[in-house]
Amino acid sequence: MATIFLIGYMGSGKSTAGKKLAAKLQVDFVDLDKFIETESGQPITAIFAEKGENEFRALENNALKKLVNESHDRVIACGGGTPCYYGNMELMNNHGITIYLKMSADALASRLVNAKDKRPLLENKTEEELRNFITEHLEKREDIYHQAQYIIKGKNLDVDEMVEFVASLK
Ligand code: S3P
């Protein structure tokens, strides 16, 4: 086994898939956002509001490095922006298996319309603004997401199939 990093846009189902994958593989699961919240003692929304996104990205990079240095096999669900800052994508590719859960901007917008308030980058947007923002933002991020070693279509993700696939990589 190696550490498995699940990456993908907000709302692509990284945490849900990651929990199931970890349970099936009988390894620990870490949600990077939750780990940052525990380490910093603050919710993500408060970190963004009080310290700003740059400081959040620094905390995110520190949290990732800390987990990577523990070299403990597990499944880590990253935040949507994790691969895009501080060379995190390269760090993950050098330390484990990276899997991009890919979903269209349209599908993401539908999933996020009722789940945007916990996400500082999306809050206060109307549905139309949300769709436009996600379309552009995803396009900017996809070059990085595509550096993942494996790409799995996230819509209708069959976690059992995914587990079999990951198991076959060993
Ligand atoms: C972010 C995604 C969030 C969280 C933060 C920033 C992003 O995680 O890390 O709000 O830049 O895409 P999820 O992908 O788990 O929502």
Side-chain angles (χ1 to χ4, degrees), residues 1-103 108 111-112 115-123 133-134 137-138 140-152 154 157 159 162-163 166 169-170:
M1 253 294 285
T3 297
I4 294 169
F5 300 97
L6 295 182
I7 67 160
Y9 201 75
M10 292 174 262
S12 58
K14 302 174 296 270
S15 297
T16 308
K19 271 181 213 153
K20 290 188 185 165
L21 183 58
K24 297 234 176 163
L25 295 173
Q26 297 186 311
V27 296
D28 290 341
F29 169 73
V30 178
D31 181 302
L32 189 61
D33 281 340
K34 294 231 165 70
F35 186 74
I36 296 166
E37 290 182 335
T38 308
E39 291 276 296
S40 67
Q42 269 192 310
I44 302 290
T45 43
I47 300 173
F48 266 76
E50 289 170 26
K51 300 184 172 138
E53 182 174 354
N54 290 348
E55 178 62 22
F56 171 74
R57 297 303 172 193
L59 292 172
E60 182 176 51
N61 173 248
N62 283 338
L64 189 66
K65 283 194 295 204
K66 189 166 179 184
L67 291 171
V68 160
N69 286 334
E70 286 173 7
S71 46
H72 176 88
D73 287 344
R74 56 190 150 205
V75 176
I76 300 177
C78 297
T82 310
C84 310
Y85 298 87
Y86 284 97
N88 291 338
M89 192 66 214
E90 198 182 350
L91 180 74
M92 294 188 281
N93 271 332
N94 289 336
H95 286 89
I97 298 169
T98 49
I99 302 176
Y100 171 31
L101 299 188
K102 185 179 168 94
M103 225 182 247
L108 289 166
R111 289 166 61 97
L112 285 164
K116 55 186 164 64
D117 294 338
K118 279 183 288 167
R119 293 176 163 104
L121 298 176
L122 306 179
E123 64 191 359
F133 176 83
I134 292 173
H137 199 208
L138 180 64
K140 282 192 203 134
R141 285 183 168 180
E142 273 215 308
D143 280 352
I144 301 262
Y145 289 162
H146 280 142
Q147 291 171 21
Q149 293 152 16
Y150 301 95
I151 297 175
I152 296 183
L157 177 72
V159 177
M162 178 175 161
V163 172
V166 173
L169 300 175
K170 287 193 264 170

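This is a predicted model, so every value here is computed, not measured.
Listed by chain and residue number, nothing satisfies the ring-ring contact (aromatic ring centres under 6.0 Å, His included) test with Phe29 (two or more places apart in sequence, or in another chain). Annotation: side chain to side chain donor-acceptor pair (under 3.5 Å) contacts of Glu37 (sequence neighbours excluded): none. In this structure Tyr150 satisfies the ring-ring contact (aromatic ring centres under 6.0 Å, His included) test together with Phe165, sequence neighbours excluded. The side chain to side chain contact (heavy atoms under 4.5 Å, CB included) search around Glu50 returns Gln42, Ala46, not counting sequence neighbours. Every side chain to side chain donor-acceptor pair (under 3.5 Å) that Glu142 has, sequence neighbours left out, goes to Tyr100, Lys102.
Nearest heavy atoms, Thr3 versus Asp73: N-OD1, 3.7 Å. Of all heavy-atom pairs spanning Leu6 and Met162, the tightest one is CD2-CE, 3.5 Å. Listed here is the closest heavy atom pair of Ile7 and Ala148: CD1-CB, 4.1 Å.
Counting heavy atoms from C-beta on, the side chains of Leu32 and Leu64 come closer than 4.5 Å. Here the side chains of Asn61 and Tyr85 are not in contact, with every heavy-atom distance at 4.5 Å or above. Looking at Tyr145 and Leu138, their side chains come closer than 4.5 Å, going by heavy atoms from C-beta outward.
If you take CD1 on Ile97 and CD1 on Ile4, they are separated by 5.0 Å, rounding to the nearest 0.5 Å. Here the NE2-CE distance, from His146 to Met89, works out to 10.5 Å after rounding to the nearest 0.5 Å. Once rounded to the nearest 0.5 Å, the distance linking OG1 of Thr45 with CD of Glu123 reads 8.0 Å. Taking CG from Leu121 and CE from Met10, the interatomic distance works out to 4.5 Å, rounded to the nearest 0.5 Å. To the nearest 0.5 angstrom, Arg141 atom CZ is 5.0 Å from Cys84 atom SG. Atoms CE and CG, from Met92 and Leu67 in turn, are 11.5 Å apart once rounded to the nearest 0.5 Å.
Under the 3.5 Å distance criterion, the side-chain polar atoms of Asp28 are left unmatched by any main-chain donor or acceptor of Arg74. For Asp33 (side chain) and Ile44 (main-chain N/O), no donor-acceptor pair under 3.5 Å exists by modelled atom type. Gln149 places a side-chain N or O within donor-acceptor distance of the main-chain N or O of Gly96, the cut-off being under 3.5 Å.
Heavy-atom contacts from other residues, nucleotides or ligands closer than 6.0 Å to CD of Glu90 number 12 or fewer. Counting heavy-atom neighbours within 6.0 Å of Lys118 NZ, excluding the residue itself, gives a total of 12 or less.
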Task: Residue pair Glu53, Arg57: steps toward the salt bridge (Lys or Arg N to Asp or Glu O under 4.0 Å) verdict - done: CA-CA 6 Å; Glu53 182 174 354; Arg57 297 303 172 193; 2.9 Å; yes
Could you give the side-chain donor-acceptor pairs of residues 14-21 under 3.5 Å, partners two or more places apart or in another chain?
unit_1: Lys14; atom_1: NZ; unit_2: Gly8; atom_2: O; d: 2.9
unit_1: Lys14; atom_1: NZ; unit_2: Tyr9; atom_2: O; d: 3.1
unit_1: Ser15; atom_1: OG; unit_2: Asp31; atom_2: OD2; d: 2.8

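Asn62 and Lys66 share no side-chain donor-acceptor pair at under 3.5 Å.
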